[in-house]
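Note sheet for the following structure.
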Amino acid sequence: MNITVIWTLAQKELRDALRNRWFLLYTAAFVGLSLALSYMSLAGAGIAGFAGFGRTAASLINLVLLIIPLMALTVGAQSLAHEQEQGTLAYLLAQPVTRVEVFAGKYLGLAMSLLASVGLGFGIAGVVLAISDGAGSPAAYVGLMGRTYLLSLAMLSVGVLVSAMSKRAGVAIGGGLFLWLAFVFLGDLGLMGTALTMRLSVGQLLWLSLLNPLQVFKMAAILDINATLDLLGPAGIYAMQEYGQRLRIIFLALMAAWIVLPALAAYARFQRRGDF
Amino acid sequence: MIECIDLTKRYGKFIAVDHLTLQVAERSALALWGANGAGKTTVIKCLLGLLRFEGAIRVDGLDVRRQGRAVRQRIGYVPQELAFYKEMTAVEMAAFYARLKGAPSERIDPVLEQVGLSEHLAKPVGALSGGMKQRLALGLALLSDPPVLVMDEPTSNLDAAARSQLLQLLAQVKTAGKTILFTSHRIEEVEALADAVAVMERGRLQFTCDSASLARRVGLRTQVKFIVPGHEVERALEVLQGEGLAARRNGIGVIVDVSHGEKARPIHTLSRARIEVIDFEVE
């Protein structure tokens with residue numbers, strides 16, 4: 001692998017993302033809402049300190065669950081399909097580059113752009129919290145940001161997989177939006193419906209919910225902030241009793257699997273394609 | 001320098017290239033000639049490793065399938081449809097592709113000057129004319145000074161002036177000793193650049209010949225339109241048809257269908273009959 005090629009492509013991808021109006025819109029929405037939530041949570045708490053941070057963190061988790069998957073899925077879905085539709089991908093592959101370099105360069109560039117977006121959102125909200133003396137545990141805040149970034153990478157991998165399977169950007173973005181709906185809304189509804197009709201045990205319900213990376217993020221973030229999952233009800237209590245602090249490793253492994261496996265599948269699909 | 005051995009490309013049951021075997025010698029230029037759908041572009045895409053294929057393709061002794069990067073390192077490619085990042089400027093684009101090709105950045109300015117784009121470096125690629133874009137594509141292909149130039153219909157989207165400019169540039173490139181493989185269906189392009197021509201039809205190689213005999217071998221015909229004084233149109237038709245030329249009236253003029261090497265014959269015929277030719281146009 002040629003690192004110069006990968007870095008050149010990553011830089012271009014980052015530059016393109018920063019020119020992409022949808023990406024800018026999502027970033028602006030994320031930054032604006034993070035800022036508003038931080039301010040309102042602290043104002044509503046009436047006092048600074050951990051109570052303010054817990055409230056802000058809970059609000060941020062919900063914001064992240066809505067916006068970050070949408071942003072990462074759509075930029076990922078556009079990546080390969082848009083270039084193929086424009087014809088630029090074929091021209092790129094006609095250069096002395098390999099497909100693994102093109103894939104890695106694009107993924108790295110998009111990952112950097114998501115890091116910039118997440119960093120900006122959390123950074124500005126963090127400054128507000130710090131000024132208001134409501135940052136609580138800085139480590140917990142940084143941990144939440146780190147988990148958010150991992151979630152964005154997982155959703156990016158899924159988006160790139162959709163892109164590798166589509167020839168048209170419109171179809172890929174449609175697929176990305178459908179998956180966003182499925183992860184954010186249909187996942188919860190489906191889980192509730194399945195639990196009721198199949199009479200699932202608490203353990204089965206826990207593992208079924210962990211198939212959704214958004215649930216993994218949510219549980220991991222709550223565990224970081226509260227040190228327990230009791231507020232999630234029976235499934236949370238069961239998880240704490242059964243796995244205890246091993247849950248942190250389980251959550252990390254699941255998130256890593258959601259990042260790596262779709263990315264590998266996307267690369268395998270891209271590598272096999274012979275229709276450029 | 002370039003060898004295709006039993007090259008076959010199938011799309012399901014459709015065979016786009018059918019057991020094609022051909023060679024391009026070092027420092028020579030071969031044109032792939034054929035109508036749309038003959039399989040010319042597919043051959044180029046296989047050569048660049050963009051399509052999976054059966055058979056073998058070697059460039060400078062390197063196998064396209066197993067040594068794709070090394071093969072593409074030796075090829076400068078000019079596509080038929082220019083697919084550029086429109087928001088980049090010409091010089092940004094050149095810098096981007098120079099890095100991908102591992103070409104030194106000092107090559108950028110001389111190459112862009114060679115293709116006549118020195119005054120347009122800061123323009124976004126989307127704002128360049130068709131001829132400029134094509135010259136930029138040629139410049140990008142030459143950045144790493146590759147021994148092989150592969151072009152897909154290099155002048156197909158250009159007007160006459162831009163076509164002439166590009167052909168002059170390509171003639172210089174050929175003189176510099178590049179091995180050239182290009183697809184075309186324009187006879188003047190083939191005559192100007194190619195040493196040999198491989199004629200394809202429905203994915204199969206029909207025959208190869210030298211470029212000078214292509215027009216005769218494929219029975220190429222040209223239409224020449226003459227404008228003559230209105231009162232001479234009928235007599236011009238009679239004279240031309242009397243010479244065995246396929247002539248017919250077309251508005252205020254006469255159209256004559258001639259074989260490729262006979263474009264001057266109707267002019268001589270009209271001149272001998274003392275019929276004034278006000279203007280003419282070759283189509």
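Treat the numbers as computed from the prediction; the structure is a model and nothing was measured. Here is the naming used below: chain letters follow the sequence lines, and residue numbers restart at 1 for every chain.
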Please look at A/Asp16 and chain B and tell me whether the side chain, the backbone, both or neither of the residue comes under 4.5 angstrom of a heavy atom of that chain.
side chain

Tell me whether [X] at atom [atom1] has more than 12 heavy atoms from other residues, nucleotides or ligands lying less than 6.0 Å away.
X        : atom1 : value
B/Arg65  : CZ    : yes
B/His120 : NE2   : yes
B/Arg66  : CZ    : no
A/Met112 : CE    : yes
B/Arg58  : CZ    : no
B/Glu113 : CD    : no

Over all atoms of both residues, closest heavy-atom pair of A/Gln271 and B/Arg52
O-NH2, 2.9 Å

Looking at every non-hydrogen atom in both residues, tell me the closest pair between A/Ala90 and B/Leu50 and how far apart they are.
O-CD2, 3.6 Å

Taking B/Arg99 for its side chain and A/Leu9 for its backbone only, find out whether a donor-acceptor pair lies under 3.5 Å.
no

Looking at A/Gln95, is its backbone amide N or carbonyl O close enough to the side chain of B/Arg72 to form a donor-acceptor pair, meaning the two atoms are under 3.5 Å apart?
yes

Residue among [options] with most heavy-atom pairs under 4.5 Å to chain B:
options                    : result
A/Arg99, A/Glu101, A/Gln86 : A/Glu101
A/Leu89, A/Val5, A/Thr4    : A/Val5
A/Gln11, A/Arg15, A/Glu83  : A/Glu83

Validation row: A/Leu92, B/Leu100 side chains within 4.5 angstrom (heavy atoms):
yes

Ring centres under 6.0 angstrom apart (B/Tyr85, A/Tyr91):
no

Does any backbone or side-chain atom of B/Lys101 lie under 4.5 Å from a heavy atom of chain A? Answer side chain, backbone, both or neither.
both

At a heavy-atom separation under 4.5 Å, does B/Tyr97 approach chain A through its side chain, its backbone, both, or neither?
side chain

